[in-house]
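By convention in this document, chain letters (A, B, ...) are assigned in the order of the sequence lines, proteins followed by strands, and residues within each chain are numbered from 1.
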Amino acid sequence: MADSIYRRIYAEVRRVPRGRVATYGQIATLAGFPRHARQVGYALHSLRESEESVPWHRIVNGQGEVSPRSVPGWDEIQRELLENEDVEFDARGRIDLVRYQWRPRSRRKAAARPRL
DNA sequence: TCCCTGACTGGTT
DNA sequence: AAACCAGCCAGGG
């Protein structure tokens, strides 16, 4: 299995608290794999029900929007899950990362782009 | 084992 | 602003 890397990714995703979001790139960096944002997406894609403890819905893309997936309808579910956690979407369907992005260590200006 | 595909991102055109 | 392009990695046929 690919767990060595996927495991690290899931572990980081699990750290994202309710009502907050993280970006794919951010998770990749936190997991120790800078520039592997795409792998984070793949890892989440391969999630099974058995891993439902992973809050996949709290992961959004670098622009604060829910990434479109191959299966239509999923994005709506993700948005609902986030709204249930009081995460707000603007008229363009985007989340204000400055306000909602999870910042584990220090709270900085929270650039919309986590430095890779 | 080769080949294809897929929840991304940042930099260039 | 939109389209392209190059990295990046694992799993299934």
Rounded interatomic separation in angstrom, taking CD from E65(A) and C1' from dT9(B):
13 Å

How about R14(A) and Y10(A): does a side-chain donor come under 3.5 Å of a side-chain acceptor?
no

Please examine the side chains of W56(A) and Q78(A), heavy atoms only from C-beta on, and report whether any two atoms are closer than 4.5 Å.
yes

Please name the pair of heavy atoms, one in P104(A) and one in Q26(A), separated by the smallest distance, quoted to 0.1 Å.
CD-NE2, 3.9 Å

Could you work out which one of dA7(B), dC8(C), dA10(C) sits closest to the side chain of L44(A)?
dA7(B)

Rounded to whole angstrom units, what separation is found between the OH atom of Y6(A) and the P atom of dG6(B)?
13 Å

Please give, in whole Å, the distance from dG11(C) P to R7(A) CZ?
13 Å

State plainly whether the residues R15(A) and E12(A) are in salt-bridge range, i.e. N to O under 4.0 Å.
yes

Any N or O donor-acceptor pair linking the side chain of R35(A) to the base of dG10(B) at under 3.5 Å?
no

With respect to the phosphate group of dC9(C), does any side-chain polar atom (N or O) of H36(A) fall under 4.0 Å of OP1 or OP2?
yes

I27(A) CD1 to dC8(C) C1': how many Å, rounded?
17 Å

Protein-nucleotide distance (L82(A), atom CG; dA7(B), atom C1'), rounded to Å
13 Å

dG6(B) base stacked by Y42(A)? Criteria: ring centres under 5.5 Å, plane angle under 30°.
yes

Name the closest nucleotide to the T23(A) side chain, picking from dT9(B), dG7(C), dA7(B).
dT9(B)

Nucleotide opposite dC8(C) in a Watson-Crick or G-U pair, distances under 3.5 Å:
none

Considering only side-chain heavy atoms of H45(A), which listed nucleotide, dC8(C), dA10(C), dA7(B), is closest?
dA7(B)

With a 4.5 Å heavy-atom cut-off, do I27(A) and L44(A) have their side chains touching?
no

Figure out the CD/C1' separation between E12(A) and dC8(B), and round it to whole Å.
17 Å

Here the distance between atom C1' of dG6(B) and atom CD1 of I5(A), to the nearest Å, is 14 Å

Rounded to whole angstroms, how far apart are CG on N61(A) and P on dA7(B)?
13 Å

Is there a side-chain contact between S70(A) and the phosphate of dT5(B), meaning an N or O under 4.0 Å from OP1 or OP2?
no

